[in-house]
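Here the structure is a predicted model, which means the values were calculated and not measured. Each ligand, and each atom within it, is numbered from 1 in the order the structure gives. When reading the values below, keep in mind they use all heavy atoms of this one structure, side chains included, and skip hydrogens, waters and symmetry mates.
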Amino acid sequence: MPRRVAAAQISHETNRFSAVATDLAAFRASGLRQGAAVLDDAAGTNTAFGGFLAGAAAHDLDLVPLVSVWATPSGVVARDAFDALAGMLTGGLRAALAAGPLDGLLLALHGAMVTEDHDDGEAELLRRARAVVGPATPIVATLDLHANISPTMVGLADVLIGYDTYPHVDMARRAEEACAIVARLIRREVRPTPVLVTPPMLPTSQNMTTDRDPMRALIAHAHRLETDPRVINATVAGGFPPSDVVDAGLSVLVTTDGDPGLARRLANRLAQDAWHRRDGFLGGVATFDEAATLLRDLPLGATPVAGPTVLVDIGDNPWTGSPGDSAELVRFLLAERVRGAAVALVADPAVAAAAHAAGAGAHLDLSLGGKTDRRHGDPLPVRAAVGALSDGAYVNEGPMMAGVRVALGPSAVLVCRPPDNPGAPGVEVLVTSRAETPIALNAFRAHGIEPTERRVIGLKGKGHFRAAFGPIAARIVLVEGPGISGADLTRLPLAQVRRPIWPLDTGARFDPSDAFDR
Ligand SMILES: [Zn+2]
């Protein structure tokens with residue numbers, strides 16, 4: 001007899017300093033599905049529900065889909081939106097229970113959601129779900145690698161499972177792992193004893209990708225722990241500083257089978273490993289002057305021999321909560337008169353609409369980007385030739401979130417030049433109506449630009465771009481324009497983060513006895 005297990009995804013990474021509202025419309029824009037529709041197109045995708053489907057088949061679970069929703073990282077989640085989404089979760093659970101007993105609940109959460117009423121959004125979701133299913137029904141949840149894991153979350157779930165990858169290419173695999181664990185919990189084969197250790201570390205994520213140390217070594221350490229049959233899961237979460245909550249920062253969560261002492265020893269050792277490697281999270285960002293020198297040294301051929309130079313502005317990364325409307329990268333490329341450059345993207349719905357109204361081939365004098373707030377640079381005056389026009393819809397070819405539909409709204413490729421210098425080299429800019437971090441090559445290809453044939457590819461991002469753009473890049477250069485998503489935490493008026501904390505405070509010290517177990 002298959003075991004009946006409900007499943008839901010409610011995911012948001014909240015940047016408290018974002019001026020972009022996170023209302024129900026924002027969630028609907030990224031995709032909101034309820035009931036059976038959650039499973040439409042999910043099979044085979046590298047997503048939570050792609051993994052829940054595969055895991056349910058492997059472990060004989062009868063999946064009851066409730067709701068699936070996420071939104072592009074943005075500001076604090078509005079009260080109405082949170083209550084509506086939480087209501088879809090609890091309402092779905094009640095309806096499922098009315099139809100028959102539930103053996104478990106699977107959740108795909110982020111771990112850095114902040115709402116108007118709740119600094120720990122995931123804890124509140126878990127609290128409301130737990131209130132419906134009761135204390136005996138196992139709840140297993142996946143968390144993003146950038147989760148700020150809190151003791152409250154640990155106390156409310158049976159097992160929490162963090163992603164092991166950044167770029168996050170294991171969303172489906174971790175969801176499958178959740179299915180395997182919930183099946184063991186239903187059979188009462190294991191009794192989870194989690195211990196959470198939070199060294200006072202607040203790393204930013206530009207060096208946090210799991211293809212390099214220190215995170216590569218820390219994830220390898222966690223995987224070594226998981227080879228012990230007494231260990232159910234070992235998670236290292238890098239944390240998300242701009243959510244500005246008391247629990248923001250790196251955390252280690254080790255869940256053993258009925259052995260809290262072992263969990264404490266292993267979690268402390270792994271947290272000490274992270275603490276000792278902490279300086280490896282620093283740096284990795286070039287100045288614009290250094291980037292200019294590198295670009296001047298590039299050969300001038302029409303097609304790059306070894307692939308494009310990929311230039312990434314981490315200051316305006318939509319998937320860290322920036323608006324994606326900074327024009328600073330374009331400003332820099334125009335000032336440096338860089339040839340063969342293409343940028344994805346600048347979110348500017350007014351400019352995209354103007355381009356659509358004028359039509360392909362038209363020339364427009366425009367003020368590009370910099371309109372959402374005063375933290376991401378000024379609008380950039382350009383003379384633009386309108387190129388390809390599109391509805392901004394394409395399917396991610398992966399590897400991250402392969403198979404997922406992207407909807408950027410009416411979009412246009414604009415070949416931009418300085419208004420006072422029509423003979424200068426043009427920079428191709430993908431202007432969209434909505435902001436997302438471009439993580440697939442077809443962000444360009446869907447708009448008629450072949451990225452391997454450009455000398456310079458400009459991106460907004462932090463780490464996720466590496467999954468697709470790393471293999472085609474001759475060189476990757478990170479720069480930090482103005483914005484709320486970069487490596488410079490002194491730009492953010494952090495008020496809730498616990499202090500002292502590294503790297504902000506020289507007095508931060510790690511005491512491994514400071515562990516939480518349930
Ligand atoms: Zn993440």
Is [X] close enough to the Zn ion (ligand 1) to have an N, O or S atom under 2.8 Å?
{"X": "H110", "result": "no"}
{"X": "H464", "result": "no"}
{"X": "D144", "result": "yes"}

Within the supplied structure, the quantity of interest is the number of heavy atoms (other residues, nucleotides, ligands) at a distance under 6.0 Å from R499 CZ; does it exceed 12? yes
Report the atom name of the nearest N/O/S atom of H146 relative to the Zn ion (ligand 1). ND1
Among the N, O or S atoms of H168, which one sits nearest to the Zn ion (ligand 1)? NE2
Does the distance from a Lys or Arg side-chain N to an Asp or Glu carboxylate O, for K371 and D325, drop under 4.0 Å? no
Identify which one of L156, L107, L106 satisfies the side-chain contact (heavy atoms from CB on, under 4.5 Å) criterion when paired with I139. L107
Between the CG atom in L143 and the CG atom in L160, the distance rounded to the nearest 0.5 Å is 5.0 Å
Partner of W319 by side chain to side chain donor-acceptor pair (under 3.5 Å), out of H146, E436, E13: E436
